[in-house]
Amino acid sequence: QVQLVESGGGLVQAGGSLRLSCAASIRTGSFSAMGWFRQAPGKEREFVAAVIWSTGGTYYADSVKGRFMISRDNAKNTQYLQMNSLKAEDTAVYYCAANRYSGGIYYPSLYDYWGQGTQVTVSS
């Protein structure tokens, strides 16, 4: 049973920063990619960022490009999402996801494993 456990969410003022962590219960090198999604109330789950494990290539949604940075630590089987210059519209539940078999990254259906989610609230 693969588990992904997120941490690091919370309440922050607009312009502030947070770092989310996602720890995997297995070696992260087993995954093709890992990513972050978010879901605001009444909205669909949307892609935020992803990293391709074999190449280290990173991909971002336009809405977070230049403000968020995804990274990984293979030794700790953990990925991170550094979020800077946060805006009220970044408020959502953030989910960590892992893709074991598919090369795709942008759609939730392509991911095999999900964390429980962590709330990020940005006050304006």
Side-chain angles (χ1 to χ4, degrees):
Q1 183 83 6
V2 176
Q3 290 186 322
L4 303 175
V5 180
E6 301 109 333
S7 60
L11 173 65
V12 64
Q13 289 188 333
S17 299
L18 283 174
R19 189 177 80 154
L20 306 183
S21 301
C22 173
S25 61
I26 66 170
R27 188 175 59 88
T28 47
S30 301
F31 301 136
S32 297
M34 291 188 75
W36 291 93
F37 287 76
R38 66 186 182 187
Q39 189 166 18
K43 295 188 177 181
E44 293 187 354
R45 192 167 297 190
E46 66 173 3
F47 172 79
V48 175
V51 56
I52 304 298
W53 226 252
S54 60
T55 64
T58 56
Y59 302 84
Y60 297 92
D62 288 342
S63 59
V64 306
K65 204 171 291 183
R67 300 188 297 123
F68 290 12
M69 186 175 72
I70 190 171
S71 62
R72 59 183 181 170
D73 185 331
N74 286 336
K76 296 182 178 180
N77 295 321
T78 300
Q79 71 159 350
Y80 304 95
L81 184 68
Q82 178 66 42
M83 306 185 294
N84 299 323
S85 302
L86 283 162
K87 305 175 181 179
E89 50 263 44
D90 294 318
T91 295
V93 177
Y94 283 70
Y95 295 91
C96 169
N99 175 335
R100 198 164 189 178
Y101 304 108
S102 168
I105 59 171
Y106 292 109
Y107 302 101
S109 60
L110 295 172
Y111 288 79
D112 304 294
Y113 309 107
W114 291 86
Q116 80 285 357
T118 185
Q119 177 70 46
V120 172
T121 303
V122 184
S123 63
S124 56

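Predicted model, so just to flag it, every value in this text is computed and none were measured. All values below were derived from every heavy atom in this structure, side-chain atoms included, with hydrogens, water molecules and symmetry-related copies excluded.
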Under a 4.5 Å side-chain heavy-atom rule over Ile, Leu, Val, Met, Phe, Trp and Tyr, are [X] and [Y] clustered together?
X      : Y      : value
Tyr113 : Val51  : yes
Ile52  : Leu110 : yes
Leu18  : Tyr95  : no
Met69  : Leu81  : yes
Tyr107 : Val93  : yes

Does NZ or CZ of Arg19 fall inside the cone over Tyr80's six-membered ring, less than 6.0 Å from its centre and within 45° of the axis?
->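 Pair Arg19/Tyr80 counts as cation-pi.
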Could you check if a side-chain atom of [X] sits within less than 4.5 angstrom of a side-chain atom of [Y], using non-hydrogen atoms only?
X     : Y      : result
Asp90 : Val120 : no
Ile26 : Arg100 : yes
Arg38 : Ser63  : yes

For a quick test of reading the model, state the closest non-hydrogen atom pair linking [X] to [Y] and the distance between them.
X      : Y      : answer
Ala92  : Ala40  : CB-N, 3.8 Å
Ala14  : Ser124 : CB-CA, 4.2 Å
Thr55  : Arg72  : C-NH2, 4.5 Å
Tyr101 : Asp112 : N-OD2, 3.4 Å
Tyr60  : Ala49  : CD2-CB, 3.6 Å
Ile105 : Phe37  : O-CZ, 3.8 Å

Backbone N or O of [Y] within a donor-acceptor pair of the [X] side chain at under 3.5 Å?
X      : Y      : answer
Gln3   : Ser25  : no
Thr118 : Tyr94  : no
Asn77  : Thr28  : yes
Glu6   : Gly117 : yes
Gln79  : Ile70  : no

Nearest 0.5 Å, please: how far is [atom2] in [Y] from [atom1] in [X]?
X     : Y      : atom1 : atom2 : value
Met34 : Thr78  : CE    : OG1   : 8.0 Å
Thr58 : Phe68  : OG1   : CZ    : 14.0 Å
Arg45 : Tyr111 : CZ    : OH    : 12.0 Å
Met83 : Arg67  : CE    : CZ    : 9.5 Å

From the list Val12, Leu86, Val122, Leu11, side chain to side chain contact (heavy atoms under 4.5 Å, CB included) partner of Thr91 resolves to Val122
Exercise for review: Report yes or no: do Trp53 and Asn99 form a side-chain donor-acceptor pair below 3.5 Å?
Suggested key: no
- Query: Salt-bridged, Lys65 to Asp62, with N to O below 4.0 Å?
  - Reply: yes
**Asked** Is it true that Phe47 and Tyr59 have ring centroids separated by less than 6.0 Å?
**Response** no
